[in-house]
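What follows is a set of notes on a single structure, which appears directly below.
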Amino acid sequence: MKRWEREGVAEIEDIRLPTKEQLQKGVAIIECIQEIPCNPCVDACPFNAISMENINALPIVDFEKCVGCGKCIEVCPGLAIFVVKAKGEKATVMLPYEFIPLPKEGQMVKAINREGKEICEAVVKKVRKGKTPVVTIELPAEYAMEARHIKVKAEE
Ligand code: SF4
Ligand code: SF4
């Protein structure tokens, strides 16, 4: 039995990863690893970069077609999609954020890994208020494939 089946925590081996070059331009990383009847991500992509064999299959991103726009993040009920761009020493991660308060651009936050542990400081670069808000953070590139949530400090 895999760890995500026991504990609900995905591991990097469970996830389909782009090449280094594809990561440099920024692409959607889909961490949807359980076969469930769901497909809004497929319809949300303006570039037809996400496909599924059938409604119960896992979504597959064509990393060559993906432009990293993050539209798919907004519609995923599983909060399972992230757009990651890593080039040089810095990386950005676009992630779904359904809590309040929403962070502000320029605010320092804690980046959280898949286990819910704080891993590093990150700065909020952009906040997009859609169906599900999408927050873009910048952080050291070594954490690009680990940071999947943020902890935001409420303003005093
Ligand atoms: S990030 Fe944009 S282009 Fe890439 S799969 Fe999602 S919706 Fe499509
Ligand atoms: S919308 Fe999200 S949960 Fe549904 S298939 Fe796509 S990635 Fe998986």
Side-chain angles (χ1 to χ4, degrees), residues 1-88 90-100 102-103 105 109 111-116 122-152:
M1 184 183 272
K2 292 211 150 207
R3 186 178 178 198
W4 66 263
E5 293 173 284
R6 294 193 315 270
E7 303 171 31
V9 178
E11 296 188 292
I12 201 77
E13 298 75 25
D14 300 321
I15 300 158
R16 196 170 155 268
L17 300 174
T19 62
K20 193 176 169 196
E21 289 71 29
Q22 290 163 336
L23 205 55
Q24 284 178 348
K25 70 169 180 139
V27 289
I29 309 291
I30 297 194
E31 306 197 3
C32 177
I33 52 180
Q34 186 169 26
E35 294 185 351
I36 52 167
C38 182
N39 73 349
C41 55
V42 175
D43 293 333
C45 180
F47 302 93
N48 295 316
I50 305 178
S51 61
M52 291 173 72
E53 276 183 20
N54 61 65
I55 186 74
N56 290 305
L58 297 179
I60 305 284
V61 178
D62 182 331
F63 295 122
E64 289 302 312
K65 285 186 183 174
C66 176
V67 301
C69 68
K71 290 274 177 208
C72 50
I73 297 175
E74 296 176 22
V75 303
C76 172
L79 308 182
I81 309 180
F82 310 86
V83 169
V84 180
K85 181 175 181 175
K87 197 171 184 181
K90 293 276 175 71
T92 57
V93 178
M94 295 170 71
L95 48 87
Y97 192 80
E98 291 191 321
F99 297 92
I100 51 172
L102 277 174
E105 290 175 10
V109 295
I112 307 288
N113 69 9
R114 295 181 186 87
E115 296 177 351
V123 60
V124 174
K125 302 301 279 186
K126 197 169 178 183
V127 178
R128 195 163 81 200
K129 295 176 188 171
K131 188 177 172 207
T132 291
V134 176
V135 174
T136 303
I137 56 170
E138 184 180 79
L139 71 178
E142 65 202 89
Y143 298 110
M145 296 311 295
E146 287 184 54
R148 291 299 177 262
H149 192 53
I150 51 171
K151 186 188 273 187
V152 177

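As the structure lists them, so they are numbered: ligands from 1, and atoms in each ligand from 1. Fair warning: this is a prediction, and the values are worked out from it, not measured in the lab.
- No donor-acceptor contact under 3.5 angstrom links the side chains of T92 and E138, judged on distance only.
- Near atom 2 (Fe) of ligand 1, less than 2.8 Å away, sit the protein N, O or S atoms C69 SG.
- With ligand atoms numbered from 1 in the order given, ligand 1 contributes 5 (S) to contacts under 4.0 Å with heavy atoms of I50.
- Within the 4.0 Å heavy-atom criterion, neither part of L58 lies near ligand 2.
- R16 places a side-chain N or O within 3.5 Å of a backbone atom of V61 that can act as its donor or acceptor partner.
- The local environment of CD1 in I100 is sparse, with at most 12 non-hydrogen atoms from other residues, nucleotides or ligands closer than 6.0 Å.
- For ligand 2 and P40, the ligand atoms under 4.0 Å from any heavy atom of the residue are 1 (S).
- Between K131 and E74 there is no salt bridge, since none of the side-chain N atoms of the basic residue sits less than 4.0 Å from a carboxylate O of the acidic one.
- Remark: minimum distance from atom 6 (Fe) of ligand 2 to any protein heavy atom is reached at C41 SG, 2.3 Å.
- With hydrogens left out, the protein atom closest to atom 2 (Fe) of ligand 2 is C76 SG, 2.3 Å, a heavy atom.
- C32 lies close to atom 8 (Fe) of ligand 2, since one of its N, O or S atoms is found at a distance under 2.8 Å.
- The pair K25-E64 does not meet the salt-bridge criterion, since no charged nitrogen lies less than 4.0 angstrom from a carboxylate oxygen.
- The nearest protein atom to atom 5 (S) of ligand 2, hydrogens excluded, is given as C38 O, 3.4 Å; this is a heavy-atom distance.
- Near I30, meaning under 4.0 Å from one of its heavy atoms, ligand 2 places the atoms 7 (S).
- Counting non-hydrogen atoms of neighbouring residues, nucleotides and ligands closer than 6.0 angstrom, the CD atom of E21 exceeds 12 such neighbours.
- D14 places a side-chain N or O within 3.5 Å of a backbone atom of E11 that can act as its donor or acceptor partner.
- Exactly one of V84, I81, I137, V134 qualifies for a side-chain contact (heavy atoms from CB on, under 4.5 Å) with M94. That residue is V134.
- Salt-bridge check for R114 with E31: passed, with a basic side-chain N closer than 4.0 Å to an acidic carboxylate O.
- Taking every non-hydrogen atom of P77 and a distance limit under 4.0 Å, the qualifying atoms of ligand 2 come out as 1 (S).
- A distance-only check finds a donor-acceptor pair linking the side chain of E105 to the backbone of V127 [under 3.5 Å].
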